[in-house]
Protein chains: 2
Amino acid sequence: MKQISRFSHFGELSDKDYFRIALSVDCVIFGFEDGELKVLVIKCNIKEYKGMWSLLGDLVRPDEDLDSASYRILKDRTGLDDVYLEQVQTFGKVNRHPAGRVITTTYFSLVNIKDHQLKLSDNELHWHPVKEITEMAFDHKNILDTCLERLREKIQDHPVVFNLLPKKFSLRELQSVYEAVLNCELDRRNFRKKFFMMDWLIDLNELEEDVPHRPGKLYKFNAAKFAKKAKKVS
Amino acid sequence: MKQISRFSHFGELSDKDYFRIALSVDCVIFGFEDGELKVLVIKCNIKEYKGMWSLLGDLVRPDEDLDSASYRILKDRTGLDDVYLEQVQTFGKVNRHPAGRVITTTYFSLVNIKDHQLKLSDNELHWHPVKEITEMAFDHKNILDTCLERLREKIQDHPVVFNLLPKKFSLRELQSVYEAVLNCELDRRNFRKKFFMMDWLIDLNELEEDVPHRPGKLYKFNAAKFAKKAKKVS
DNA sequence: TTTTAATGTGTATTTTTAACACATTATTGC
DNA sequence: GCAATAATGTGTTAAAAATACACATTAAAA
């Protein structure tokens with residue numbers, strides 16, 4: 001049988017078809033703290049990249065969907081199980097991992113850092129400002145850049161940054177997230193105008209507390225408005 | 001050693017880490033003909049989906065990058081080696097393939113149908129109008145929809161549809177591709193205005209031939225304008 | 001030569017985006 | 001208590017982009 005006739009509709013897989021290819025999932029977990037966009041990274045301990053930062057990931061299990069694998073990694077690492085996750089891209093260069101052929105599917109995730117407070121007992125796990133990361137183990141810097149780019153596109157039209165904030169937040173905080181992600185300054189009046197028009201916010205009629213200046217009003221994300229959409233996505 | 005400590009920086013892979021997971025690449029190859037957007041599909045011959053259309057794909061080889069695999073599939077199937085290819089998404093549901101665990105990374109591709117004229121000797125391989133495809137083998141309909149959606153977003157800002165047309169084309173043909181992809185009607189005057197402003201076209205000072213009406217002017221894609229960008233992407 | 005069916009062009013309207021300044025309020029420091 | 005501070009909160013105008021829309025021109029076909 002000619003090679004070409006196996007295309008696409010290979011009927012059965014023989015043992016030799018299961019190559020020595022491992023599949024992993026890597027998560028770019030974004031958080032927001034002190035006015036900065038941060039990413040959760042871990043010290044790499046394999047000899048080729050000793051001491052460098054790497055993303056959180058693991059091998060995909062034989063009985064596990066890709067999405068489930070990324071949820072599992074996030075759950076295990078942060079304790080959160082209600083987070084935003086989006087698949088971004090799969091990186092499959094032959095020599096990207098020194099241990100062998102490992103193809104990795106990457107997700108980015110948005111979490112509210114204060115919601116779960118890592119057990120930072122081991123300081124191998126760490127929230128690092130995205131802007132300060134210049135290199136990482138493996139091709140992880142490339143993956144980070146790709147995911148950040150995707151996040152920037154995403155927030156232009158989709159209400160996802162709420163996942164980086166606490167339930168209640170001020171407009172200043174919201175704007176601050178946008179500025180951190182997009183790495184630019186925004187006009188306050190235009191920003192507020194746009195958000196009110198979008199109908200993404202619910203005014204809680206509460207005020208900030210413990211701020212060293214006039215407190216701003218607090219809002220929450222108008223989740224009801226997107227219930228249908230969220231269902232469609234899942 | 002606790003399970004959690006293997007995350008991300010697994011040092012070495014043992015035999016049991018290479019699960020029975022196979023990795024494939026599937027290509028959604030778009031073409032344009034008779035005013036319609038078409039996709040290259042092949043009759044499926046595995047028993048579960050006998051006779052249904054499926055996408056072109058193959059297993060990724062152990063020594064092959066993902067991008068290379070998709071190029072190989074395209075080259076083998078269409079004879080073309082200078083085509084537009086873009087990775088879209090990886091589909092990894094546990095039971096998506098009846099033969100076993102097969103995770104597939106999908107690409108969409110844009111080719112000019114007339115450039116290569118399939119050896120349609122076997123009519124198992126076929127250009128099918130996208131609009132008329134309601135179901136496919138495996139999860140391929142889902143893959144097709146996802147790729148079409150990505151294509152629609154892409155053409156809004158990026159000059160990629162030229163890949164669907166011959167070297168020389170009229171503005172009418174160009175608009176017709178947009179209308180086919182976006183599945184809508186566009187205003188001719190605004191369309192032309194936008195394209196001239198974009199500076200994507202070079203006027204060839206030639207006219208269409210063999211058309212049963214007043215011939216339109218012919219243009220070609222202003223490739224020079226994007227040489228730098230293309231380099232950056234690769 | 002008339003009819004046909006397409007190409008080719010410009011302007012007015014609407015919508016969206018961007019630029020911009022000052023009064024208000026709670027806290028802090030004196 | 002009062003002044004100074006540092007943030008919140010608000011509207012208008014100008015520029016740019018997107019949209020709607022009609023008629024003359026050209027080559028082929030009848």
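Throughout, protein chains are lettered first and strands after them, A, B, ... in sequence-line order, and every chain is numbered starting at 1.
- Nucleotides of DNA chain C nearest to R189(B) and M197(A) differ in position, and the one nearer the 5' end is that of R189(B).
- Toward the 5′ end of DNA chain D lies the nearest nucleotide of S170(A), the other residue of the pair R214(B) and S170(A) mapping further downstream.
- Across all strands shown, R172(A) has heavy atoms under 4.0 Å from sugar-phosphate atoms exclusively, and none from any base.
- Of the candidate nucleotides dT8(D), dC21(D), dA19(C), dC21(D) has the atom nearest to the side chain of N190(B).
- Atom C1' of nucleotide dG9(D) and atom CG of L218(A) are separated by 15 Å, given to the nearest angstrom.
- Side-chain N/O atoms of R192(A) and base N/O atoms of dT10(D) include no donor-acceptor pair closer than 3.5 Å.
- Scanning both residues, R150(A) and V88(A), for their nearest heavy atoms gives NH2-O, 2.9 Å.
- Rounded to an integer number of Å, the gap from F196(B) CZ to dT9(C) P is 7 Å.
- N205(A) places its CG atom 18 Å from the P atom of dT8(D), with the value rounded to the nearest Å.
- For the pair K217(A) NZ and dT25(C) C1', the interatomic distance rounds to 13 Å; values are reported in whole Å.
- Residue V39(B) is tested with V130(B), L56(B), L148(B) for a side chain to side chain contact (heavy atoms under 4.5 Å, CB included); the sole match is V130(B).
- Of the candidate nucleotides dA7(D), dT24(C), dA6(C), dA7(D) has the atom nearest to the side chain of H213(A).
- If you look at W200(B) and F195(B), their ring centroids are closer than 6.0 Å.
- Across all strands shown, K193(B) has heavy atoms under 4.0 Å from base atoms, whether or not it also approaches the sugar-phosphate.
- As rounded to whole Å, 10 Å separates atom C1' of dT7(C) from atom CG of L207(B).
- Between R188(B) and the phosphate of dG8(C), there is no side-chain N or O to OP1/OP2 separation shorter than 4.0 Å.
- Of the candidates H126(B), E124(B), H140(B), K141(B), W53(B) forms a side chain to side chain contact (heavy atoms under 4.5 Å, CB included) with just one, namely H126(B).
- Set against dT24(C), dT7(C), dC20(C), the side chain of D187(A) has dC20(C) as its closest nucleotide.
- As rounded to whole Å, 12 Å separates atom P of dG9(D) from atom CG of L201(A).
- Whole-Å rounding puts the E208(A) CD to dA6(D) C1' distance at 13 Å.
- In this entry the distance linking CG of L186(A) with P of dA19(C) reads 11 Å, nearest Å.
- A donor and an acceptor atom, one from each side chain of Y107(A) and D26(A), are nowhere located under 3.5 Å apart.
- The residue among K194(A) and P212(A) whose nearest nucleotide of DNA chain C is located toward the 5' end is K194(A).
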